[in-house]
Engineer: 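Structure provided below as structure tokens; questions to follow.
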Amino acid sequence: MNISFIGSGNVGGTLAKKLFQKGHKVFFGVRDVNSDKNINLKKELGSSIEINSIIDSIIKADIIYLATPWSAVEELIKSISSHLKNKILIDCTNPLKKDLSGLEVGHNTSGSEIIQNLAPECLVYKSFNTTGFNIMEDPILENRKSIMFFCSNDQKNRSVVAKLIEDIGFESLDVGPLSSARLLEPFALLWIQSAYKFGMGRDFSFGILRRK
Ligand SMILES: NC(=O)c1ccc[n+]([C@@H]2O[C@H](COP(=O)([O-])OP(=O)(O)OC[C@H]3O[C@@H](n4cnc5c(N)ncnc54)[C@H](OP(=O)(O)O)[C@@H]3O)[C@@H](O)[C@H]2O)c1
């Protein structure tokens with residue numbers, strides 16, 4: 001599968017490297033291919049992961065992961081929406097306030113629904129937002145898989161997204177329509193505040209317990 005990452009930072013960088021190891025063809029889509037940061041990234045990655053302009057990486061991709069700061073999202077999606085028709089876009093962003101005290105949007109909409117409205121023909125999924133990138137690096141804790149939720153209004157590609165989640169090492173859980181992002185974005189804040197405010201640190205995750 002051809003997968004583009006817009007955002008090569010903590011989340012994009014971690015997931016891209018893991019999906020490459022799983023045999024996917026992976027591209028980074030970056031603002032400035034010739035920035036010092038991206039030239040160094042290219043040296044680090046060798047020929048494993050291509051670095052392209054954002055548009056080139058989208059054109060080549062079947063699936064796009066969005067892993068930028070929320071503050072960049074609106075302008076970015078507006079500028080690429082015409083290239084997103086029928087592309088699966090996995091929105092990993094969280095519409096966080098700068099001081100992490102809360103969310104910029106919520107209750108009656110979500111960051112993912114805002115993206116869907118800006119790119120109506122795109123197949124937007126919300127996922128990979130409810131735990132830290134360090135957990136994405138290795139989602140197995142106490143010999144059990146951490147949970148990764150996903151939601152979307154698309155019906156055709158749910159098993160594809162579930163498989164990508166499982167390729168990273170998570171248990172996947174389908175939580176319905178894209179409006180469930182209204183639950184997943186505050187859930188991310190619960191992880192963040194538990195990590196930084198309530199003393200848990202970053203090395204914990206959520207999992208599902210089932211009565212047999
Ligand atoms: N960190 C976590 O543990 C975590 C976990 C779950 C979800 N998230 C969410 O995932 C998103 C990314 O977080 P992160 O920690 O990976 O951030 P990060 O390490 O700061 O990386 C952000 C990436 O976005 C790129 N970027 C910034 N503005 C852009 C724009 N206008 N157009 C295209 N690319 C742009 C940056 O590229 P440049 O080099 O060009 O600046 C960089 O590669 C955030 O929304 C965050 O809330 C984070």
Side-chain angles (χ1 to χ4, degrees), residues 4-19 26-45 49-58 61 64-81 83-84 89-106 110-112 114-115 118-119 124-139 146-151 165 168 170 181 183-197 200-206:
S4 159
F5 281 82
I6 306 177
S8 58
N10 295 318
V11 172
T14 301
L15 294 177
K17 285 174 198 167
K18 290 201 69 173
L19 289 177
V26 179
F27 317 94
F28 284 123
V30 300
R31 286 186 281 190
D32 179 2
V33 182
N34 296 315
S35 72
D36 289 347
K37 185 178 164 188
N38 288 324
I39 287 170
N40 287 335
L41 187 62
K42 211 173 172 68
K43 278 185 199 153
E44 182 203 327
L45 297 170
I49 301 180
E50 277 181 34
I51 300 183
N52 296 131
S53 72
I54 291 174
I55 299 287
D56 284 351
S57 81
I58 293 173
I64 297 139
Y65 281 72
L66 181 65
T68 66
W70 172 250
S71 56
V73 167
E74 185 174 348
E75 200 183 318
L76 174 65
I77 296 294
K78 279 182 182 163
S79 71
I80 60 175
S81 63
H83 299 275
L84 292 176
L89 182 141
I90 302 179
D91 169 30
C92 313
T93 70
N94 280 308
L96 297 170
K97 289 190 172 166
K98 284 222 163 64
D99 63 0
L100 305 184
S101 65
L103 298 171
E104 296 277 358
V105 295
S110 60
S112 295
I114 291 171
I115 292 170
L118 291 169
V124 178
Y125 282 73
K126 181 99 211 174
S127 196
F128 293 104
N129 72 308
T130 50
T131 194
F133 74 92
N134 56 311
I135 301 299
M136 298 175 199
E137 252 163 23
D138 181 5
S146 305
I147 194 74
M148 185 52 68
F149 307 96
F150 69 95
C151 63
I165 291 171
I168 298 292
F170 286 98
L183 306 176
L184 298 185
E185 290 167 5
F187 195 80
L189 197 58
L190 181 67
W191 186 89
I192 292 166
Q193 293 207 350
S194 298
Y196 291 109
K197 203 169 164 185
M200 290 290 288
R202 292 182 61 91
D203 271 319
F204 79 99
S205 69
F206 298 110

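By convention here, the first residue in the shown sequence is residue 1. In this text, all values refer to a predicted model and were calculated from it rather than measured experimentally. Counting convention: from 1, in listed order, for ligands and their atoms alike.
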Engineer: For Glu185 and Ser112, indicate whether the former's side chain and the latter's backbone hold a donor-acceptor pair under 3.5 Å.
Structural biologist: yes
Engineer: With nothing but distance in play, are any N or O atoms of Val11 less than 3.5 Å from an N or O of ligand 1?
Structural biologist: yes
Engineer: Could you name the option among Asp36, Ile80, Asn10, Val30 that has the heavy atom nearest to atom 14 (P) of ligand 1?
Structural biologist: Asn10
Engineer: How about atom 8 (N) of ligand 1: does it have a protein heavy atom within less than 4.0 Å?
Structural biologist: yes
Engineer: Should the ring pair Phe149 and Phe187 be called parallel, tilted or perpendicular, given that the plane angle runs from 0 to 90° and is split at 30 and 60?
Structural biologist: perpendicular
Engineer: Could you tell me whether Asn129 and ligand 1 have an N or O pair separated by under 3.5 Å?
Structural biologist: no
Engineer: So, does Ile54 sit close enough to ligand 1 that a heavy atom of it is under 4.0 Å from the ligand?
Structural biologist: yes
Engineer: Measuring from non-hydrogen atoms of Thr130 to any atom of ligand 1, is the shortest distance under 4.0 Å?
Structural biologist: no
Engineer: Are Phe28 and ligand 1 in contact, using a heavy-atom cut-off of under 4.0 Å?
Structural biologist: no
Engineer: Which distance, rounded to the nearest 0.5 Å, do you find between the CD1 of Ile192 and the OG1 of Thr131?
Structural biologist: 10.0 Å
Engineer: Under 3.5 Å, side chain of Gln193 to main-chain N/O of Leu100, donor-acceptor pair present?
Structural biologist: yes
Engineer: Measure the distance from atom 45 (O) of ligand 1 to every protein heavy atom, then report the residue, atom name and distance (to 0.1 Å) of the closest one.
Structural biologist: Thr68 O, 2.8 Å
Engineer: Would you say Arg31 has any N or O atom under 3.5 Å from an N or O of ligand 1, going by distance alone?
Structural biologist: yes
Engineer: Hey, is Glu75 one of the residues with a heavy atom under 4.0 angstrom from ligand 1?
Structural biologist: no
Engineer: Please check: side-chain N/O of Asp99 versus main-chain N/O of Ser101, any donor-acceptor pairing under 3.5 Å?
Structural biologist: yes
Engineer: Which heavy atom of Val33 sits nearest a heavy atom of Ser53, and at what distance?
Structural biologist: CG2-N, 3.8 Å
Engineer: Phe204 vs Trp191 aromatic rings, parallel, tilted or perpendicular, using cut-offs 30° and 60°?
Structural biologist: parallel
Engineer: Looking only at protein heavy atoms, identify the closest one to atom 43 (O) of ligand 1 and say how far it is in Å.
Structural biologist: Ser8 N, 2.8 Å
Engineer: Could you tell me whether Lys37 and ligand 1 have an N or O pair separated by under 3.5 Å?
Structural biologist: yes
